Novice: 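Next up is a structure, given as structure tokens.
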Amino acid sequence: MSSIPDHNNNNNNNNKNNNEILNFKQLFKKIEEFKQLGNQEFSKYDKTNDNLNKRAVTYYSLGIECFNDNFEKLKNNNNNNKDDEIELKKLVSIIYSNLSLCFINGYEIDKALEFANKGTEIDKDNSKCHYRKSLCYQYMCNFKESFKSINDALNSINNNNNNGKVIIDKSLKQIIENERKEIEKKLKKLEKEEKESQDRIKEDFEQFQQFPIELVWRDGFGRCVLASEDLPKGTMVLRVSPFASVLEDHKIEKNCGFCFKKINKSIRINQTCKNCKNHLLCPQCSVDEYSLNYHKDECDILNFLKQYYPSSQTRDFRFMFRVLLNVIKDKKNKSFSKENQSKQWLNHQNPFIFDSYKYLINLSRTLDKVQPEQMEAFKRSAQSVIAIFNKLRGPKFFDECGVTIDEIIEIYSIVLSNGHEMLHPLNCHTYGLGIFPTGSYLNHSCLPNAFWYNDDQGMMVFRTLRPIKKGEEILTSYTDITTECSERRKHLLKQYFFFCQCQQCKFQSKLTDQSCLSCKNQLSSSNTSFKIPSNDSIESGFYYHCLKCNSDNKQINCPDDSSSVFTSQHDQRTFKKINLLINIMQQRHQSIATNLLNTNNEYLMKGMPDHIVYKEITNALEQSMISNPSKVSADQVFTNSLIQYYFRLFQTLKIEKPNDTQQLQSVKTKILQLLTPIIHLPTSHHKSSIEKKLKF
Ligand SMILES: C[S@@+](CC[C@H](N)C(=O)[O-])C[C@H]1O[C@@H](n2cnc3c(N)ncnc32)[C@H](O)[C@@H]1O
């Protein structure tokens, strides 16, 4: 057996003068140094910082580069023994695993998966790497692959133990075994969800037939809503009644507690419930049997809340009570059906989908991802809800309803991941909170083709943003689509626990992923120098010099995924130009990290301020759109990217040219012009955040 970590041995004389590495032992030592430096940076990093730990990443990457630069060369030497090679590969695999963890912590799951894959390619028995792969697949909602990887992790632990090679940390084995159980549970849950989704299509055919949509199941995405015919822009594709909904706290004294319409000031006193004094009904709802009974059911609870929580915010409490009251109704006497709903709803000109409890409980939830403290908070809230019910309705009330505390906790987690703010269609103000089970079937895209709002009956209405072809998936946005790809993905992962796999994110994240056309190595700041693009070179492609293979190359690759989006020659050329500029920006930012580490910082456009580069990008995008306006899909990608790059131009201008108010104002005007259709959408909850971003 080899003894590679032989640091005290004769290796310090390893050609100090020319730094040449002569054998695997020396290579191991060099890479181990980078690993240790990376580990030091990793342990120093503030755990609450969710940005990528660039310093650790740089050290680990230097270790990998050192391996790539020397391994093949040394392999041909006869003075290496096989065990040394194995130990070396194990070390490199550990670095890949560490890199993977850095990228998981930085919410860059695609890169994390790429590194974990490389780690298991080089050492198939690296259980941590398999474990990280499993985690990445979970974030990507690919539970089948996640299960495979967790099994690989467990097998490699057992292999290592059987071979007596490594003493595996028992707690790691325990963690992996627990994780395996969780994934198994999730797979069973998904199987059930898939079956129930197919059942619903059959059972609920009549309800769904009212809308031009089709419900299908796709692995990794779950339920997906497709267009069942060609749809013009503006078509109503779905209208869903709330399983439960409540007014915001500040609206209780002004709006109807059932239909949520604003009530004229002069008649508010007459319309207030005399018992709880915590509920208003508009003139129409106060003569509607359904809304009267609805309030009767919760009057004692609202009375209690008014007495015991007079000044606090009660929206979430009131919401949970309404949800539970409907759950109880459904469980107890099955009267919770569409025919028994409000006459105002049933007589409305537009159809709607009604969801019973079984469609609420079947929604996707994030219970497995909830932190222990949050779980404790859920439990406490569930217990107080039960205590209030028991106090007001007798100690046996809950037992008789057949709702368990675990079920309430489950309902909480469903509400947490599927609850929606309710938006006024004209002014976009939030006036309430609701849960609309079928409304939660629509998946997210950062390039959405549909949007939603709440109509005058508090229903959630979905309409198309552009013409949609038959069979195309109908997608809305869960996040601010004006931010850049990594930000959006981070937000979605933190808030909704999935790593966005939409067309726009897949496309944008590939923009900077380039390899050398000659030697196929990844281009990085240390091995590439770019040629500044001149106007001529734009026509004929771009040039860079690869220091690895010492070649001049023309034309940077187009990522595969984008080729379908960019159909014309002109689009392709623009794309290459943008690609190059983005690459340069990335090099610039990477070089900051490299600088910190006192390593070489060589790239050509170093002296050029960021705002000039962003100007180039926006110009390139704009030019392409002007000269080629007919490509609908490309146009959308361009507009979206254009907005983002104008934002970045604005931000860099603010830093680099704060006194140039004229230029700042013109960029701001441009952004607002581009955003006009988005700002005027009923879903533009981001209007105020956009205004904040554009202050100077
Ligand atoms: C509100 S649900 C949408 C409906 C979901 N398909 C279902 O069957 O419940 C959100 C979940 O859908 C999936 N999803 C939606 N949009 C996605 C996207 N852009 N990328 C990846 N997964 C997505 C994720 O699993 C996410 O947790």
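Worth saying up front: this structure is predicted, and the values here are computed from it rather than measured. Read the numbers this way: they start at 1 and go in the same order the structure lists the ligands and their atoms.
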Novice: Would you please classify the geometry between the Tyr96 ring and the Phe115 ring as parallel, tilted or perpendicular, with 30° and 60° separating the classes?
Specialist: parallel
Novice: With heavy-atom distances below 4.0 Å as the criterion, list the atoms of ligand 1 near Cys141.
Specialist: 24 (C), 25 (O)
Novice: Assess whether side chain to side chain donor-acceptor pair (under 3.5 Å) is satisfied between Asn362 and Glu193, documenting all intermediate values.
Specialist: CA-CA 6 Å; Asn362 189 24; Glu193 262 183 46; over 6 Å; no
Novice: Honestly, is Lys186 close enough over Phe143, meaning NZ or CZ under 6.0 Å from the six-membered ring centre and within 45° of the axis?
Specialist: yes
Novice: What residue and heavy atom of the protein are closest to atom 20 (N) of ligand 1, and at what distance?
Specialist: Gln501 N, 3.0 Å
Novice: Considering non-hydrogen atoms of the protein only, which is the closest contact for atom 17 (C) of ligand 1, and what is the distance?
Specialist: Phe498 CE1, 3.3 Å
Novice: Under a 4.0 angstrom heavy-atom cut-off, which atoms of ligand 1 come close to Leu442?
Specialist: 3 (C)
Novice: Of Val237, Thr464, Leu226, which is the lone residue that meets side chain to side chain contact (heavy atoms under 4.5 Å, CB included) with Ile474?
Specialist: Val237
Novice: Of the choices Ser440, Ser477, Ser445, Cys446, which has the non-hydrogen atom that lies closest to atom 2 (S) of ligand 1?
Specialist: Ser440
Novice: With a 4.0 Å cut-off, would you call Lys148 and Glu145 a salt bridge?
Specialist: yes
Novice: Which of these, Phe147, Tyr137, Phe221, Phe499, sits in a side chain to side chain contact (heavy atoms under 4.5 Å, CB included) with Asn142?
Specialist: Tyr137
Novice: Of all residues at least two apart in sequence or in a different chain, which pass the side chain to side chain donor-acceptor pair (under 3.5 Å) check with Asn105?
Specialist: none
Novice: With heavy-atom distances below 4.0 Å as the criterion, list the atoms of ligand 1 near Tyr441.
Specialist: 4 (C)
Novice: Please write down residue, atom name and distance for the protein heavy atom closest to atom 15 (C) of ligand 1.
Specialist: Asn443 OD1, 3.1 Å
Novice: Identify the closest protein heavy atom to atom 10 (C) of ligand 1: which residue and atom is it, and at what distance?
Specialist: Tyr478 OH, 3.7 Å
Novice: Would you mind listing which atoms of ligand 1 come within a distance below 4.0 Å of any non-hydrogen atom of Cys500?
Specialist: 19 (N), 20 (N)
Novice: Using a strict cut-off of 4.0 Å, indicate which atoms of ligand 1 neighbour a heavy atom of His444.
Specialist: 15 (C), 16 (N), 18 (C), 19 (N)
Novice: When you measure from atom 6 (N) of ligand 1 to every protein heavy atom, which one gives the shortest distance, and what is it?
Specialist: Phe221 O, 2.5 Å
Novice: So Phe243 and Tyr357, would you call those rings parallel, tilted or perpendicular, with 30° and 60° as cut-offs?
Specialist: tilted
Novice: Among His420, Glu193, Arg223, whose heavy atom sits nearest atom 7 (C) of ligand 1?
Specialist: Arg223
